[in-house]
Amino acid sequence: MDRKRILEEGLLEKYLLHELTVREQFAVEKALQEDAELQSRFEMLEADFERMAFENAIIPNTRVKESLKTRVESEHTKQSNNWPLFAAASIALIFLSTSFWLFTNWQDAQKNLDTIQNQTTDLQKRLNLLEEKTASTETQLNVINNVNTIPFLLKGNAKLPDAHAVAYVNHEDKLVMVNPKGLPELSDDQTYQMWSDVNGEMINMGLLSPNEELLALQYINNAESLNITIEPAGGSEHPTVENLISNVML
């Protein structure tokens with residue numbers, strides 16, 4: 001059983017509450033022995049449970065004890081022969097009061113535990129997303145910084161003179177990354193689309209969004225040029241030549 005599963009399924013919390021099967025308990029204990037970081041998280045969680053118990057502890061009101069004592073003594077004076085009955089009733093009352101207090105605090109502790117578990121799960125999801133984003137960014141940087149990667153600047157023509165984008169092409173690894181941040185925003189019913197020219201035929205490479213830092217597009221073998229057109233939202237099967245806004249020879 002690995003650390004990811006233990007954290008995502010909240011098995012550490014369930015272990016502390018004795019809610020695991022014998023097999024799951026053994027697996028968690030084995031993982032704690034082998035994983036120092038997991039053991040550290042477990043100790044922190046255990047400390048949180050202990051702190052939460054102390055913070056929610058309630059000392060019974062002393063007036064309850066005094067009131068019960070006075071009542072028992074009074075009844076004992078009136079009916080000394082019935083002392084065992086009154087004593088038993090008093091003990092039962094104390095027991096019921098204590099049980100109710102314990103049950104209420106247990107419910108509060110359970111709610112706090114659920115909150116902690118939900119926060120832990122949410123934090124783990126955000127951590128996973130961050131790790132995925134970091135890995136993706138590292139991959140993109142590796143492509144850009146590769147010695148076999150060639151950058152191409154696509155400047156806007158008369159239709160969009162201020163437009164520009166940068167394409168990074170690696171023929172060795174057959175990769176294409178494009179930074180479209182320099183393209184102006186379009187209306188919701190339009191999009192940018194990139195094409196490769198192969199022997200006079202325009203082949204779709206993918207859509208471009210000015211809101212993205214870097215986009216991975218399809219690499220086309222034997223491409224002679226890269227071209228950007230404005231197309232209807234969702235893209236087109238064939239380029240709208242009159243809407244060509246930029247191109248560069250490879």
Side-chain angles (χ1 to χ4, degrees), residues 1-8 35 37-38 122-250:
M1 186 179 296
D2 57 19
R3 182 197 309 166
K4 181 178 179 182
R5 178 186 169 189
I6 290 174
L7 294 178
E8 288 182 350
D35 191 327
E37 183 175 343
L38 189 63
D122 182 62
L123 180 61
Q124 185 63 43
K125 289 180 180 178
R126 284 186 287 173
L127 179 60
N128 291 339
L129 289 175
L130 181 60
E131 290 177 348
E132 291 175 3
K133 185 175 181 180
T134 300
S136 175
T137 301
E138 290 179 354
T139 300
Q140 293 172 346
L141 290 176
N142 288 336
V143 172
I144 293 175
N145 295 325
N146 191 295
V147 294
N148 295 316
T149 297
I150 305 172
F152 294 92
L153 177 62
L154 290 101
K155 296 182 179 180
N157 57 18
K159 287 183 175 293
L160 287 178
D162 295 329
H164 64 274
V166 181
Y168 301 91
V169 181
N170 187 317
H171 296 294
E172 185 73 20
D173 297 327
K174 299 185 182 301
L175 297 172
V176 176
M177 302 290 296
V178 179
N179 182 347
K181 292 291 286 185
L183 298 176
E185 290 285 347
L186 296 174
S187 59
D188 292 339
D189 59 348
Q190 292 181 315
T191 187
Y192 292 105
Q193 192 165 352
M194 181 170 277
W195 311 82
S196 285
D197 182 0
V198 180
N199 297 324
E201 179 184 0
M202 290 290 195
I203 301 176
N204 176 33
M205 297 177 64
L207 304 181
L208 300 176
S209 171
N211 297 321
E212 300 288 342
E213 291 285 349
L214 278 174
L215 292 169
L217 299 186
Q218 182 180 0
Y219 177 88
I220 306 298
N221 288 318
N222 304 316
E224 299 170 2
S225 67
L226 301 178
N227 307 267
I228 300 176
T229 62
I230 297 176
E231 303 293 340
S236 303
E237 293 184 5
H238 303 286
T240 306
V241 179
E242 57 269 25
N243 286 340
L244 178 72
I245 60 102
S246 181
N247 75 306
V248 64
M249 301 300 296
L250 299 180

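Note: hydrogens, waters and symmetry copies are ignored here, and every other heavy atom, side chains too, is used.
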**Student:** Main chain of E242, side chain of K159: is a donor-acceptor contact present, judged purely on distance under 3.5 Å?
**Tutor:**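 At least one qualifying donor-acceptor pair exists.
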**Student:** Before giving the answer on side chain to side chain contact (heavy atoms under 4.5 Å, CB included), spell out for Y192 and V178 the whole-Å C-alpha distance, their side-chain angles and the decisive distance to 0.1 Å.
**Tutor:** CA-CA 12 Å; Y192 292 105; V178 179; over 6 Å; no
**Student:** Please name all residues satisfying salt bridge (charged side-chain N to carboxylate O under 4.0 Å, His left out) with R5, sequence neighbours left out, ordered by chain then number.
**Tutor:**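 By the salt bridge (charged side-chain N to carboxylate O under 4.0 Å, His left out) rule, R5 matches E9.
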**Student:** Would you call L226 and M205 a side-chain contact if the rule is heavy atoms closer than 4.5 Å?
**Tutor:**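 Yes; the side chains approach each other to less than 4.5 Å.
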**Student:** From E213 CD over to N179 CG, what is the distance, rounded to the nearest 0.5 angstrom?
**Tutor:**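 These two atoms lie 6.5 Å from each other.
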**Student:** Could you tell me which non-hydrogen atom of L217 sits nearest to which non-hydrogen atom of G206, and how far apart they are?
**Tutor:**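 Scanning both residues completely, I find the closest heavy atoms to be CD2-CA, 4.1 Å.
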**Student:** Can you check side chain to side chain contact (heavy atoms under 4.5 Å, CB included) on E224 and N199, steps first, answer last?
**Tutor:** CA-CA 8 Å; E224 299 170 2; N199 297 324; 3.3 Å; yes
**Student:** Rounded to the nearest 0.5 Å, how far apart are NZ of K155 and CD1 of I228?
**Tutor:**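 CD1 of I228 is found 13.5 Å from NZ of K155.
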**Student:** Minimum heavy-atom separation for A165 to L153, with atom names?
**Tutor:**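 Result for this residue pair: O-CD1, 3.5 Å.
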**Student:** Got a second to check how far W195's CH2 is from N204's CG, nearest 0.5 Å?
**Tutor:**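 CG of N204 is found 5.0 Å from CH2 of W195.
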**Student:** If you look at every heavy atom in Y219 and N170, which pair is closest and at what distance?
**Tutor:**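 In this case the closest contact between Y219 and N170 is CE1-O, 4.0 Å.
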**Student:** Might you confirm whether atom CG of D189 has over 12 heavy atoms from other residues, nucleotides or ligands at distances under 6.0 Å?
**Tutor:**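 Count over threshold, so yes.
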**Student:** Going through the distances and angles, do I230 and L160 end up as a side chain to side chain contact (heavy atoms under 4.5 Å, CB included)?
**Tutor:** CA-CA 11 Å; I230 297 176; L160 287 178; 4.0 Å; yes
**Student:** Can you tell me how far the CD atom of E212 sits from the CG atom of L207, to the nearest 0.5 Å?
**Tutor:**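 It comes to 11.5 Å.
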**Student:** Between atom CE of M249 and atom CG of N227, what is the distance when rounded to the nearest 0.5 Å?
**Tutor:**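 Going from the CE atom of M249 to the CG atom of N227 covers 8.5 Å.
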**Student:** Answer yes or no: are there more than 12 heavy-atom neighbours, outside H238 itself, under 6.0 Å from its atom NE2?
**Tutor:**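 No.
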**Student:** Does the side chain of V198 reach to within under 4.5 Å of the side chain of N221, using non-hydrogen atoms?
**Tutor:**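 No, too far: nothing below the 4.5 Å cut-off.
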**Student:** Which atoms form the tightest heavy-atom contact between L250 and A223, and what is the distance?
**Tutor:**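 Reported closest heavy-atom pair: CD1-O, 3.6 Å.
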**Student:** If you take all heavy atoms of G234 and T191, which pair is closest and at what distance?
**Tutor:**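 In this case the closest contact between G234 and T191 is N-CG2, 4.1 Å.
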**Student:** Would you find a donor on one side and an acceptor on the other, under 3.5 Å apart, between the side chain of N247 and the backbone of S225?
**Tutor:**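 Such a contact is absent between N247 side chain and S225 backbone.
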**Student:** Any side-chain to backbone donor/acceptor pair from E231 onto T240? Under 3.5 Å, distance only.
**Tutor:**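 Flag set: sc E231 to bb T240 pair under 3.5 Å.
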**Student:** Please say whether more than 12 non-hydrogen atoms of neighbouring residues, nucleotides or ligands are located less than 6.0 Å from CG in N211.
**Tutor:**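 Yes, because the 6.0 Å sphere around CG of N211 holds more than 12 heavy atoms from other groups.
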**Student:** Which heavy-atom pair separates P151 from V166 by the least distance, and what is that distance?
**Tutor:**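 So the two residues come closest at CB-CG1, 4.5 Å.
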**Student:** Nearest 0.5 Å, please: how far is CG in D173 from OG1 in T149?
**Tutor:**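 Atom-to-atom, T149:OG1 and D173:CG are 7.0 Å apart.
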**Student:** With sequence neighbours left out, write down each residue that passes side-chain hydrogen bond (donor to acceptor under 3.5 Å, both in side chains) with Q190, or none if nothing qualifies.
**Tutor:**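 Partners of Q190 by the side-chain hydrogen bond (donor to acceptor under 3.5 Å, both in side chains) criterion, ordered by chain and then number, come out as S187.
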